[in-house]
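This report refers to the structure that appears directly beneath it.
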Amino acid sequence: MSKKTALVLGGGGFIGGHLGKRLLKEGFWVRIVDIKGQHEFWDHEDICNEYVAGDLRDPRLVEKIMLSPFQNSKEDKDNSFDEVYQLAADMGGAGYIFTGDNDANVMHNSALINLNTAHEASINNVKRVFYSSSACMYPEHNQLDPDNPNCEESSAYPANPDSEYGWEKLFSERLFLAFNRNYGLDVRVARFHNIFGPMGTWTGGKEKAPAAMCRKAAESEAKIEVWGDGLQTRSFLYIDDCVEAVLRFMRQESFYGPVNIGSEEMVTINELAQMAIDISGKDIKINNIEGQAFVDKYGFKCPVGVRGRNSDNTLYKEKMGWEVNMPLLEGMKKTFTWINEQVKNSSLVASK
Ligand code: NAD
């Protein structure tokens, strides 16, 4: 068997769809597994050879899907999956992970998926596993100054993430690294910083800031609401750069991570909103919403997250000798064009 094989867990989602497409293009045989019955935006033949709709919290399912179609048994190391990408998680944007309402599900569901994946990947002798952690695992106390957030990999401890989502990511990073130490599972752990682009969630509460700003600019004629004072800073990485960075990291031999995969082009959320407005060509004002609306029923802080966050790519550049390069504006133009289409199509459907 010469064809390389890849398993993309959570491939029914945003990053997994793009990754599946790229792997197919490279000639891989690709299986996607996702709890969603189908990908929201892609036809399955564009992103995989086999799409399995199933719940990765179920260890029996994970046992089955971890066996490659060319593998005779778990012991058949030669034909096990060449590349496994663990992207499945119970997650969403600030409106989902920072309100407190979804904490138990986020922790329980994602931890089960990761526990099952690490265990089955190990006993199925898969050749390499990628785990997608998040910048949300970085300590809150290093991200209070919007102009100088510290997200260097080594700043992770003493740990103090600002959400249960971040705590679960930190736990699972350690889980995969422990499987590496104790069972020789070949792992690569990366911390994604706000990935965006077309073919991702753009409405419904789980969308991230770039998609939300593009949707609001596409829908509105007068003003768009931005949560908080809008002076909180973030950086955003376009999906194509993300996929490239993942594959380069996955296909080198010596460095396990954790490493940041993100952009170092930091902007305020108001600047991001203004960018979406400028791209839309409309005369729209930004309305910053602060105060009461941002204390949830548990007394949690407003769902705007930390004051500042930016990727620090020093380690990635040093180890990989490559860096991401698409300017935010270019990525936002592509994203706006796609979301604008979605908005038009959905208003056509609604008016029927
Ligand atoms: P996404 O929500 O679009 O994709 C995740 C997929 O996991 C979804 O399709 C979902 O249906 C699936 N899933 C959830 N529970 C499942 C279950 N029990 N069984 C099977 N499938 C299940 O998210 P994404 O943006 O593609 O992110 C991929 C990974 O990267 C996630 O682990 C996320 O935490 C991480 N990450 C993403 C970003 C980002 O900006 N997109 C930032 C940091 C980390």
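What you are looking at is a predicted structure, and each value in this text was computed from that prediction instead of being measured. Order of appearance sets the numbers: ligands from 1, and atoms from 1 within every ligand.
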task: Check whether any side-chain N or O of D241 sits under 3.5 Å from a backbone N or O of L237 as a donor-acceptor pair, and report yes or no.
output: no

task: Would you check whether G17 reaches within less than 4.0 Å of ligand 1, judged by its heavy atoms?
output: no

message: Aromatic contact between W338 and F41, with the criterion being ring centroids under 6.0 Å apart: yes or no?
response: yes

message: Regarding H193 and N260, do their side chains bring together a donor and an acceptor under 3.5 Å, going by distance alone?
response: yes

message: I want to know if ligand 1 touches I15 in the polar sense, i.e. an N/O pair below 3.5 angstrom.
response: yes

query: Looking only at non-hydrogen atoms, which of D34, V106, L56 approaches atom 12 (C) of ligand 1 most closely?
result: D34

task: Determine whether the side chain, the backbone, both or neither of S110 has a heavy atom under 4.0 Å from any heavy atom of ligand 1.
output: neither

- prompt: Under 3.5 Å, is there a donor-acceptor pair between the E168 and N114 side chains?
  reply: yes

query: Any ion pair linking E83 and K4 (charged N to carboxylate O, less than 4.0 Å)?
result: no

task: Check whether any N or O atom of D90, backbone or side chain, sits under 3.5 Å from an N or O atom of ligand 1, and answer yes or no.
output: no

Polar atom proximity, M91 to ligand 1 (N or O, under 3.5 Å): no

S133 near ligand 1 by a heavy-atom separation under 4.0 Å: yes

message: Please determine whether any non-hydrogen atom of F196 lies less than 4.0 Å from an atom of ligand 1.
response: no

message: Test of understanding: given a 4.0 Å heavy-atom threshold, classify the contact between L9 and ligand 1 as side chain, backbone, both, or neither.
response: neither

query: Mind checking whether I113 has a heavy atom under 4.0 Å from ligand 1?
result: yes

query: With a 3.5 Å cut-off and no angle check, do the side chains of N125 and E75 form a donor-acceptor pair?
result: no

query: So which bit of K169 gets within less than 4.0 Å of ligand 1, heavy atoms only: side chain, backbone, both or neither?
result: side chain

message: Checking the N or O distance criterion of under 3.5 Å, is ligand 1 in contact with D55?
response: yes

query: Do any N/O atoms on H193 end up under 3.5 angstrom from N/O atoms on ligand 1?
result: no

- prompt: atom 31 (C) of ligand 1: which of I65, L87, V52 has the nearest heavy atom?
  reply: L87

